[in-house]
J.: 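One structure coming up, written as structure tokens, with questions to follow.
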Amino acid sequence: MKTTFAFLSCALSMSFYAHAQVFTPSPNNKLNKEEAVRMLTAGSSTITGEVFARDNQGTLIPGVSILNTNEKQYARAGTEVALMPYTAYFQEYLKEFKKQRNRGKSLLIPNEAVECMKFHKIGEGQKYVFDNLMPGKYFIYTSFGYVHQATQTDVVGQTDHYVNGSYQGTTDMTRSYGVTVGAGVLVEKIITIDKDGEVKKVTLKRTK
């Protein structure tokens with residue numbers, strides 16, 4: 001199961017694994033290993049790009065787009081990016097995986113399906129590369145950590161308010177200060193290769 005964990009360990013706590021379930025597809029949606037492996041090995045197309053985050057301390061306002069000019073924080077060397085053919089089998093797995101994740105549970109992908117995926121560990125060049133791909137749809141996924149600057153507010157006292165000697169209420173006295181915390185993000189995209197030999201440059205980023 002080591003390879004299976006490699007794909008999911010970024011998103012799930014190890015404490016989940018003792019109770020994790022293994023994905024079982026619908027009876028009419030069996031894994032076509034030959035098709036999946038061919039998509040990943042029999043073409044001449046490439047998917048490549050960077051993985052980074054831009055920290056955002058601002059308050060998001062619905063309907064208002066604010067340019068984030070914070071410095072890029074690239075994923076560390078060794079961060080693993082996973083690529084899978086976006087076939088019916090993997091689409092069903094991803095749907096069930098997200099459903100279980102939202103419930104605080106985990107869903108492992110079978111080893112035979114892991115053999116139909118590609119993995120790339122980001123090196124010092126800060127880019128991932130998947131080559132020899134055929135035209136078709138693919139799902140790319142990774143998670144990584146970055147530094148988040150946040151503002152924390154503490155109550156340091158209270159002030160009582162009186163009018164003509166009559167008590168009107170109490171307000172808190174607060175102190176705000178900046179803190180630096182580690183944060184993690186999951187990023188994923190569906191990518192379509194339209195023709196053989198195409199090079200798709202896809203940035204996996206967190207900017208909100």
J.: Just how far is it from atom OG1 of Thr79 to atom CG of Leu204, taken to the nearest 0.5 Å?
T.: 11.0 Å
J.: Looking at Glu92 and Ser26, would you say the former's side chain and the latter's main chain have a donor-acceptor pair under 3.5 Å?
T.: yes
J.: Could you list the residues that satisfy side chain to side chain contact (heavy atoms under 4.5 Å, CB included) with Lys121, not counting sequence neighbours?
T.: Glu80
J.: Restricting to side chain to side chain contact (heavy atoms under 4.5 Å, CB included), what partner residues turn up for Thr159, sequence neighbours left out?
T.: His161, Thr171, Met173
J.: Under 4.0 Å between a side-chain nitrogen and a carboxylate oxygen: does that hold for Glu96 and Lys99?
T.: yes
J.: Nearest 0.5 angstrom please: Phe90 CZ to Leu83 CG, how far?
T.: 9.5 Å
J.: Looking at Lys33 and Glu112, does any basic side-chain N land under 4.0 Å from a carboxylate oxygen?
T.: no
J.: Work out which heavy atom in Lys127 is nearest to a heavy atom in Ile122; give both atom names and the distance.
T.: N-CG2, 4.0 Å
J.: Using 0.5 Å steps for rounding, measure from the OG1 atom of Thr87 to the CG atom of Leu31.
T.: 7.0 Å
J.: Please enumerate all residues that pass side chain to side chain contact (heavy atoms under 4.5 Å, CB included) together with Gln91, with sequence neighbours excluded.
T.: Tyr86
J.: Just wondering, are more than 12 heavy atoms of other shown residues or ligands nearer than 6.0 Å to NZ in Lys98?
T.: yes
J.: Can you classify the ring geometry of Phe130 versus Tyr128 as parallel (below 30°), tilted (30 to 60°) or perpendicular (above 60°)?
T.: tilted
J.: Report the residues that fulfil side chain to side chain contact (heavy atoms under 4.5 Å, CB included) with Gln100, sequence neighbours left out, ordered by chain and then residue number.
T.: Arg103, Lys105, Leu107
J.: In residues 37-47, what donor-acceptor pairs under 3.5 Å come from side-chain atoms, sequence neighbours left out?
T.:
| residue | atom | partner | partner atom | Å |
| --- | --- | --- | --- | --- |
| Thr41 | OG1 | Val37 | O | 2.7 |
| Ser44 | OG | Asp196 | OD1 | 3.2 |
| Ser44 | OG | Asp196 | OD2 | 3.2 |
| Ser44 | OG | Gly197 | N | 3.2 |
| Ser45 | OG | Lys195 | O | 3.2 |
| Ser45 | OG | Gly197 | N | 2.9 |
| Ser45 | OG | Glu198 | N | 3.2 |

J.: Within the distance-only criterion (no hydrogens, no angle test), does the side chain of Lys189 pair as donor or acceptor with the backbone N or O of Thr203 below 3.5 angstrom?
T.: yes
J.: According to salt bridge (Lys or Arg N to Asp or Glu O under 4.0 Å), who are the partners of Glu35, at least two apart in sequence or on a separate chain?
T.: none
